[in-house]
Amino acid sequence: MTDLTHEQSAPPGATPDRVRGTGWIASKVPLAVAIAIAFVFHLQTKEMEVGSLTEAGPGFWPRVLIVAIIVISVLGFFIDMRDGIEVFELGSTVRVIAGFAALAVFTLMFEQTGSILAGFVFLMLWLKGLNGESWRMSLAISVVAPLASYLLFVSALGVRLPEDIVASLWGGR
C-alpha cells in the first residue's frame, strides 16, 4: 500500500486545493516586515558608537544583528520559499500565544521570586501545559533544570541574580 498525497490521489485534470499561507504574499511579506523592523532598530542605534572588532562599542553588536537580518531577508526575496512555509492553524497559534504568556509569567516572577521558582513554574507550564509531557517527566525537568541552572550561574560562575526565595531556604542568595 502506498501513501499518496492529496495532489497525487486527485483525479486527472482536477486542480489541487490551494494550501492557506503558501503564496507569494505569505512568503515575502514577513521578509519585508523583518527589514522594516531592522530599519527601525537601525534608527534607534544610529547614535551609538560602533567602535571596532577589537574595541567594540555599544552599537557594534546591534549593528551586526541588524545587518544579518537585512542580508538574510534580502536573500529570502530571491529564494522561492513557498514550499517551506508552515501553515498556521488556530491550535498552533494558540500554543504560540500561550508560550509567550508562559514567558511573561516567568519574566514577572523572576524579579519577585528568583530564578528557581520562576524556572519551575515556566517549565511546568511549558512541558505539561503546552507540550503534554507526562507528570513524571515534567516534574523531573522542572525541578532539576532550574536548580542546576542556579548552581551553575550563581554558585559556580558568580553571576548576580535577584534574591531567590528557594535558595534562601538552604542559605543561598
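In what follows, residues are counted from 1 in the order of the sequence shown. Because the structure is a prediction, the values reported are computed rather than measured.
- Nearest approach of Ala118 to Gly114, heavy atoms of both residues: CB-O, 3.3 Å.
- Using modelled atom types, no side-chain atom of Ser149 and backbone atom of Ala145 make a donor-acceptor pair closer than 3.5 Å.
- Among residues two or more places apart in sequence or in another chain, the side-chain hydrogen bond (donor to acceptor under 3.5 Å, both in side chains) test is passed with Ser52 by Thr54.
- Connectivity analysis of hydrophobic side chains (ILVMFWY, heavy atoms under 4.5 Å, direct or indirect) links Leu43 to Phe39.
- Ile72 and Leu65 fall into different hydrophobic clusters, where Ile, Leu, Val, Met, Phe, Trp and Tyr side chains are chained together by heavy-atom contacts under 4.5 Å.
- Scanning for side chain to side chain contact (heavy atoms under 4.5 Å, CB included) contacts around Ala34 gives Ile69, Ser73, with sequence neighbours left out.
- The minimum heavy-atom distance between Phe122 and Ala102, with the atom names listed, is CD1-O, 3.4 Å.
- Clustering of Ile, Leu, Val, Met, Phe, Trp and Tyr by side-chain heavy atoms under 4.5 Å joins Val144 with none of the others.
- Closest approach of Ile66 and Ala38 over heavy atoms only: CG2-O, 3.7 Å.
- Hydrophobic clustering of Ile, Leu, Val, Met, Phe, Trp and Tyr side chains at less than 4.5 Å, counting indirect connections, unites Leu161 with Leu157.
- When all heavy atoms are compared, the tightest approach of Glu111 to Pro162 is OE2-CG, 3.9 Å.
- Taking the side chain to side chain contact (heavy atoms under 4.5 Å, CB included) definition, one finds that Leu147 meets it with Ile116, Val143, Trp170, sequence neighbours left out.
- For the residue pair Ser115 and Phe110, the shortest heavy atom distance occurs at CB-CE1, 3.4 Å.
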For this session: Mind running side-chain contact (heavy atoms from CB on, under 4.5 Å) on Leu127 and Met137 for me, showing each step along the way?
Result: CA-CA 8 Å; Leu127 293 170; Met137 181 67 73; 5.9 Å; no
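- Between Phe120 and the options Thr113, Leu125, Ile141, Leu139, a side chain to side chain contact (heavy atoms under 4.5 Å, CB included) holds for only Leu139.
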Exercise. Given Phe41 and Arg63, is the side-chain contact (heavy atoms from CB on, under 4.5 Å) satisfied, shown in steps?
Worked result: CA-CA 9 Å; Phe41 281 114; Arg63 291 278 173 84; over 6 Å; no
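- Two different hydrophobic clusters hold Val33 and Val96 under the rule that ILVMFWY side chains link at heavy-atom gaps under 4.5 Å.
- Contacts classified as side-chain hydrogen bond (donor to acceptor under 3.5 Å, both in side chains) and involving residues 120-131 (residues at least two apart or in different chains) are given here: Asn131-Glu133.
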